[in-house]
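Everything numeric here is computed off the predicted structure, so don't read it as measured data. In what follows, chains carry the letters A, B, and so on, assigned in the order in which the sequence lines appear, proteins first and then strands, with residues in each chain numbered from 1.
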There are 2 protein chains.
Amino acid sequence: MRGVLGQEVVDYVRELILTGTLRSGEKIDQQALGEALEVSRSPIREALVVLSREGLVELIPRRGASVARLSPEDIIDHYALFGVVAGRAAALAAENLDADGIAELRAVHARFLEVGETVSEGADPEDASLVPALLQQLNHDFHRIINLSAPGRTRWLLRHLEHSVPTSYYEFANGWNRAAVDHHAAILAAIADGNPEGARGAMESHLLASGEAAVAELVTRGFFEAGAGPEEEAV
Amino acid sequence: MRGVLGQEVVDYVRELILTGTLRSGEKIDQQALGEALEVSRSPIREALVVLSREGLVELIPRRGASVARLSPEDIIDHYALFGVVAGRAAALAAENLDADGIAELRAVHARFLEVGETVSEGADPEDASLVPALLQQLNHDFHRIINLSAPGRTRWLLRHLEHSVPTSYYEFANGWNRAAVDHHAAILAAIADGNPEGARGAMESHLLASGEAAVAELVTRGFFEAGAGPEEEAV
DNA sequence: AGGGACTACTTTGAATACATTATTCATTCA
DNA sequence: TGAATGAATAATGTATTCAAAGTAGTCCCT
């Protein structure tokens, strides 16, 4: 993961796992992966170490790597943790965010609402394919502004939690997400009011709901269907 | 980090960093490290990836690894995060821990108190060197029993937070720690009472205090004294 | 004398090679 | 017939080699 190659491998394998192409428990062949990406095993191995620290891959000495067996409960739990940490950031934002930051937050939220309403009315069909990416970007900006109020270590952990597991990845894959906007509105209101506990609670609720949505999406992608892994239990 | 060598390297370098032998920002030479441990650079590189994901090492492409520049604020923040997550586990324990678990928790706490009082009275001077390790073990057991009530992902994150930065590592290095016992007593009482919010708050307070203690200990070890790193700022 | 460019050296990142361990499949014995 | 043992095969972990980027030191020019 030092140079560029390892990072590419990380992204590639993460995509394979999160899209359900590689299934839960499935073995990951280093040599096959290396041939597929036309790189040697050195960057492959470093990438697998990264993914194992993220919790997406299980590494067993002398037995190699396999896709981690994540249950729906694990995903829910992960989002709950994410909520607890992001809630801390939101509480700090309610205490510390200055007027400029709040204005910026309002602007992003307004744009978010605008794009969402437009698409829900069925307009702009010609560039409809761009909408999910745009919504995801605006969603990301919204959270980033809040998280900037938090100390460095909290931001560090939030970055890791965000990548460790399917998070906002899918939230807007299927278009407009009404619930997310309401949640964001509540978070924004609490922060603007300087209400730390309100912001914390709103953020936690938001991520709990996101977790349930993510599980639903992952189910449709066959994420939880176990592949033929070495740990596979016979029935 | 696949085989056993990588893990040894991780433990070795972590020790160097946490004891202050390697100082903040100092460059880590792969070849020198390999010669010191008599292993090749392959496991070294994988170990450095692990440590970079833990936040103890900073990895810059084509420039190699250096000890992460952690400030006292980072350590405090880290403990606050630890507290938030451990607080969640404690709240769940207050809801879910059965009678056996509570009894076990009481037993560990009683033993903890007993060992501590003994040593504070100056008794058992012949095996005094064993006391810190014993206290640390009992402290660990106490938290482990609580954490077992939490879902898998929460336990996973707690494990990582525990290793990522000097945590309970030093708490009992200097012998008896009166404050920790009072904290544990409060946590135990809240859990036994089935009081989730009380347990959460007690756990958070406990770790905030631990964070301050850890910073004090790290200061005496010269942890925050910057070494001659590549990013070193000229005054 | 100070600054910049060129060269030599060091160190990293990636690929290949080697050794050891797990897995598989066939054969044999109960 | 089934389980167990053993060799053959495949894959992992580690070491070594090779190429490219970075660093430092010197020399030259202004």
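- Between B/H143 and the options B/H183, B/H109, B/H184, a ring pair (Phe, Tyr, Trp, His ring centres under 6.0 Å) holds for only B/H184.
- Distances shorter than 4.0 Å separate none of the side-chain N or O atoms of B/R45 from OP1 or OP2 on D/dT14.
- The phosphate of D/dA10 (OP1 or OP2) has no side-chain N or O of A/K27 nearer than 4.0 angstrom.
- The CD atom of A/Q7 sits 16 Å away from the C1' atom of C/dA14 (whole-angstrom rounding).
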Each nucleotide N or O in nucleotides 17-20 of chain C that has a protein N or O under 3.5 Å away: list the pair and distance.
none

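- Taking atom CD of B/E35 as the reference point, atom C1' of D/dA15 lies 14 Å away to the nearest angstrom.
- Under 3.5 Å, the side chains of B/D77 and A/T154 contain a donor-acceptor pair of N or O atoms.
- Between B/S42 and B/I28, the residue anchored closer to the 5' end of DNA chain C is B/I28, taking for each the nucleotide with the nearest heavy atom.
- In this structure, CG of B/L5 is placed 6 Å from P of D/dA15, rounded to the nearest angstrom.
- In this structure, the CD1 atom of B/I60 is 13 Å from the C1' atom of D/dG22, given to the nearest Å.
- B/M203 places none of its side-chain heavy atoms less than 4.5 Å from the side chain of B/R88.
- Rounded to whole Å, atom C1' of D/dA11 lies 13 Å from atom CG of A/L48.
- A straight line from CG of B/L33 to C1' of C/dT10 spans 17 Å, rounded to a whole angstrom.
- We find that CD of B/Q30 is positioned 11 Å from P of C/dT11, with the value rounded to whole Å.
- The shortest side-chain heavy-atom distance between A/R53 and B/H160 falls under the 4.5 Å cut-off.
- In this structure, B/V215 and B/Y79 have side chains that are not in contact, with every pair of non-hydrogen atoms separated by 4.5 Å or more.
- Dashed line: the shortest gap from a side-chain N or O of B/S40 to OP1 or OP2 of D/dA15 is under 4.0 Å.
- The side-chain contact (heavy atoms from CB on, under 4.5 Å) check on B/E225 picks up B/R23, with sequence neighbours excluded.
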Exercise for review: Using the side-chain contact (heavy atoms from CB on, under 4.5 Å) rule, take A/D141 and A/F112 through it: C-alpha gap first, then chi angles, then the decisive distance, then the call.
Suggested key: CA-CA 10 Å; A/D141 288 344; A/F112 193 59; over 6 Å; no

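- Taking only side-chain atoms of A/P43, from C-beta outward, the nucleotide of D/dT12, C/dA15, D/dT14 with the closest atom is C/dA15.
- With C/dT12, C/dA22, D/dA11 as the choices, the nucleotide that has an atom nearest any side-chain atom of A/D29 turns out to be D/dA11.
- Here C/dA15 presents its P atom at 9 Å from CD1 of A/I44, a figure rounded to the nearest Å.
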